[in-house]
Amino acid sequence: MRIGFGFDVHRLVEGRPLFLGGVEIPWHLGLLGHSDADVLIHALCDAMLGAAALGDIGRHFPDSDPQYKGISSLVLLKKTSDMVQQKGFCLLSADLTLVAQAPKIAGYALKMQRALAEACGVEPDIINIKATTTEGLGLTGTGEAMAAYAVALLVCRA
Ligand code: MG
């Protein structure tokens with residue numbers, strides 16, 4: 001078994017849709033980034049790449065590459081999952097934490113689980129999504145940014 005950890009932050013701005021866990025969430029602000037800036041998926045990709053010792057998301061999908069401009073992070077997750085599987089691993093478990101002052105995402109968690117699971121070719125019940133605020137403190141507390149943490153457990157298929 002291999003374990004990996006991922007962390008990401010994106011700035012919140014006006015005039016962008018908000019994508020979290022592969023789901024568009026109605027909100028007056030969105031995350032800024034080269035892709036759709038789905039901070040939860042980026043943390044998960046880094047956790048999976050970390051567990052497989054495949055580097056990080058910036059190495060495989062550089063923000064200087066025009067082919068990734070505006071891309072759905074679900075596509076990046078699918079590509080990440082493919083790379084991990086090519087190295088002989090499959091995803092056994094993933095646990096994701098969104099750090100955001102608002103909005104509440106509990107009502108979207110199941111939809112996110114399903115979207116992430118479909119991209120990875122696994123069952124939704126091996127993926128957990130939770131959220132916390134930082135009690136109004138720091139970058140995420142003031143609403144300037146959202147952050148996400150993820151851990152992923154991979155198992156060797158051999
Ligand atoms: Mg990112």
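As the structure lists them, so they are numbered: ligands from 1, and atoms in each ligand from 1.
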Report summary line: CD1 (Ile129) and CD1 (Ile127) are apart, to the nearest 0.5 Å, by 7.0 Å
Side chain proximity check, [X] to [Y], heavy atoms < 4.5 angstrom:
X: Met83; Y: His60; result: yes
X: Leu98; Y: Lys130; result: no
X: Met146; Y: Leu18; result: yes
X: Arg114; Y: Val23; result: no

Query - 2.8 Å shell around the Mg ion (ligand 1), exclusive bound, protein N/O/S atoms - result: 3
With a 3.5 Å cut-off and sequence neighbours excluded, list the donor-acceptor pairs that the side chains of residues 30-56 form with protein atoms.
residue	atom	partner	partner atom	Å
His34	ND1	Asp63	O	3.3
His34	NE2	Asp63	O	3.4
His34	NE2	Asp65	O	2.9
His34	NE2	Lys69	N	3.4
Ser35	OG	Ala37	N	3.0
Ser35	OG	His42	NE2	3.3
Asp36	OD1	Asp38	N	3.1
Asp36	OD1	Ser73	N	3.4
Asp36	OD1	Ser73	OG	2.5
Asp36	OD2	Ser73	N	3.0
Asp38	OD1	Gly21	N	2.9
Asp38	OD1	Leu40	N	3.3
Asp38	OD1	Ile41	N	3.2
Asp38	OD2	Gly21	N	3.0
Asp38	OD2	Gly22	N	2.7
His42	ND1	Asp8	OD2	3.2
His42	ND1	His10	NE2	3.2
His42	NE2	Ser73	OG	2.9
Asp46	OD1	Ile57	N	2.7
Asp56	OD1	Gly58	N	3.1
Asp56	OD1	Arg59	N	2.9

